[in-house]
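Worksheet for the structure shown next.
Only this structure's heavy atoms are used, side chains among them; waters, hydrogens and symmetry mates stay out. Every chain is numbered from 1, with letters handed out A, B, ... down the list of sequences.
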Amino acid sequence: VFKRFVEIGRVAFISFGPHAGKLVAIVDVIDQNRALVDGPCSGVRRQAMPFKCMQLTDFVLKFPHSARQKCVRLAWEKENINEKWAATRWAKKIEAREKKAKMTDFDRYKVMKAKKMRNRIIKHEMKKLQKMSSKKGKKPEKPEKSEKPEKSEKAPKSEKVQKAPKAQK
Amino acid sequence: MAGEKAAGEKKPGEKKPGKKKTDEKKPAEQKASQKEVGEKKKKVKKHHASRNPVLARGIGRYSRSAMYARKALYKRKYTAPETKIEKKKKEKPRATIIKPVGGDKNGGSRVVKIRKMPRYYPTEDVPRKLLSHGKKPFCQHKRRLRASITPGTVLILLTGRHRGKRVVFLKQLGTGLLLVTGPLVINRVPLRRAHQKFVIATSTKVDITGVKIPKHLTDAYFKKKRLRKPKHQEGEIFDTEKEKYEITEQRKSDQKAVDSQILARIKKVPQLRGYLRSTFCLSNGVYPHKLVF
């Protein structure tokens with residue numbers, strides 16, 4: 001049922017508070033509500049932090065309890081947590097949310113145009129397939145064709161969406 | 001006369017009884033004879049001592065009329081230089097005018113005063129206005145411009161017939177209104193004035209450096225014109241006033257001049273043309289306070 005546990009070395013994501021949005025490693029448990037926490041590579045000083053503001057990630061580091069910051073840093077960099085984190089879907093969703101909030105009026109227009117074009121392409125292909133299926137009955141070619149246009153359309157759309165918010169920065 | 005004068009010279013400010021003066025004439029004459037000639041040339045007027053010997057303080061020997069004779073005032077009648085007065089008197093402006101009058105048995109004309117007396121004197125003069133501080137007329141007000149609005153910014157108009165349209169900002173005019181253009185070919189917004197308060201400034205900017213805006217585009221150029229000449233009967237007035245606005249040739253030429261420069265720069269930015277063509281609108285889940293413009 002539970003897959004992520006609070007343990008020494010567990011990397012946690014801080015959801016609210018002054019250090020919101022940063023990653024920390026649990027160094028020690030103080031009592032039922034608080035943990036000693038340290039984030040040398042994410043700019044969080046060694047401090048006590050309540051569990052409530054922490055959200056556990058999948059990453060676990062290896063260091064003994066109450067290890068000093070240097071050890072935590074070594075373990076962190078060895079596991080390359082920062083890169084691994086950026087590659088997770090969780091982090092990508094956060095980033096996408098931030099970008100969406102920062103969109104200017106012009107960007108919104110560009111996204112709207114890109115979405116429109118993408119949807120048109122998809123619809124076009126769908127209609128084509130529907131026509132074919134209605135004319136000639138079921139065919140083995142269908143699943144191949146339906147996959148190809150979707151992939152080719154998703155690539156330009158995602159590029160456009162990324163280009164639009166990136167270009168203004 | 002000369003002798004007396006000479007005597008007067010030698011003894012100025014002397015107050016002696018008249019008898020002594022007459023007796024002293026002769027010796028005074030002999031002494032003064034040489035000096036007379038010389039002095040006559042230098043000084044024409046020499047003031048005589050008082051011809052009215054003093055009996056007691058404040059009381060003279062001779063009466064007014066006797067003094068008149070003694071001082072020979074009958075000979076000395078001076079008038080002020082007359083010429084200026086005469087001239088001024090001559091230059092009096094016309095006080096009345098003669099106007100012809102119609103009607104039978106009226107006498108043909110009346111004499112009418114040009115400058116008439118006032119027909120009303122108020123009991124109190126114009127009441128003093130209370131002093132006020134810092135109340136300036138509109139023409140002297142300080143004009144401000146939001147920092148987010150710079151030349152070339154894309155603005156979203158919120159009021160007027162062009163509401164929701166995205167438009168390029170050119171400059172701020174003298175009264176503080178913003179000069180704005182579509183450009184016309186993109187969204188049918190001509191060179192127009194917009195109010196700063198009823199506009200959203202986006203962060204999208206078109207590079208307008210080097211675009212020359214004609215200098216005759218001022219507030220007076222854009223001001224609405226209204227004819228008011230109610231000479232005719234009331235039924236006809238409402239027709240003659242400007243109902244239809246006609247676009248003058250000057251406006252068209254100005255529009256072309258400005259737009260041609262701006263369109264070139266708009267084309268350089270991808271998708272900007274389509275952006276300016278579109279209109280701004282809100283839909284479900286879109287909250288203006290959360291939007292970044």
Side-chain angles (χ1 to χ4, degrees), chain A residues 13-22 53 55 86 89-125 149-150 152-169, chain B residues 146-158 162-169 180 182-183 186-187 189 194 198-208 262-263 265-293:
Chain A
F13 173 81
I14 303 175
S15 52
F16 62 85
H19 296 287
K22 295 183 189 164
C53 69
Q55 292 175 352
R89 282 181 181 265
W90 187 349
K92 285 183 194 166
K93 274 190 268 174
I94 294 170
E95 201 200 327
R97 220 180 295 142
E98 280 175 20
K99 277 192 184 166
K100 193 175 181 190
K102 279 189 194 171
M103 263 204 294
T104 72
D105 199 42
F106 192 21
D107 294 332
R108 259 173 263 131
Y109 169 79
K110 288 189 223 168
V111 165
M112 182 263 284
K113 283 287 173 183
K115 269 193 189 173
K116 215 175 171 186
M117 206 187 331
R118 175 202 196 219
N119 289 336
R120 270 216 188 117
I121 297 170
I122 294 174
K123 252 193 209 170
H124 182 69
E125 293 296 319
E150 276 184 44
S152 62
E153 289 136 24
K154 276 182 186 173
K157 195 265 166 177
S158 60
E159 277 171 19
K160 275 192 182 170
V161 172
Q162 281 167 15
K163 268 185 197 173
K166 277 181 189 173
Q168 32 126 0
K169 289 162 197 174
Chain B
R146 296 209 294 259
S148 53
I149 302 179
T150 62
T153 314
V154 173
L155 307 173
I156 301 176
L157 299 177
L158 295 173
H162 298 289
R163 62 197 84 107
K165 291 201 181 168
R166 296 182 173 103
V167 130
V168 176
F169 168 68
V180 130
I186 295 182
N187 52 18
V189 177
F198 303 110
V199 134
I200 296 181
T202 64
S203 49
T204 320
K205 310 222 189 246
V206 184
D207 187 20
I208 276 201
I262 295 177
L263 275 172
R265 287 155 218 261
I266 289 176
K267 280 186 183 174
K268 287 183 191 170
V269 183
Q271 294 189 302
L272 187 61
R273 195 165 187 277
Y275 175 58
L276 291 173
R277 284 191 70 198
S278 63
T279 47
F280 175 77
C281 59
L282 296 172
S283 57
N284 269 356
V286 177
Y287 305 110
H289 70 288
K290 289 212 158 179
L291 288 181
V292 170
F293 282 102

- [ ] Answer with side chain, backbone, both or neither: which region of B/Leu272 has an atom nearer than 4.5 Å to a non-hydrogen atom of chain A?
- [x] both
TODO: Count the heavy atoms of every other residue, nucleotide or ligand shown that sit under 6.0 Å from CZ of B/Arg277, and state whether that count exceeds 12.
DONE: no
Task: B/Val286, part contacting chain A, at a heavy-atom distance under 4.5 Å - done: neither
Open item on the list: To the closest 0.5 Å, what do you measure between CZ (B/Phe293) and CZ (A/Arg108)?
Closed with: 6.0 Å
Task: Nearest-0.5 Å distance, CG of residue A/Asp107 to OG1 of residue B/Thr202 - done: 10.5 Å
- [ ] Taking all heavy atoms of A/Phe106 and all of B/Gln271, pick out the closest pair and write down the distance.
- [x] CE1-O, 3.7 Å
- [ ] Give a yes or no on this: more than 12 heavy atoms of other residues, nucleotides or ligands lie within 6.0 Å of atom CZ of A/Arg120.
- [x] no
Task: Minimum-distance pair of heavy atoms, taken over all atoms of A/Lys102 and B/Val292 - done: O-CG1, 4.0 Å
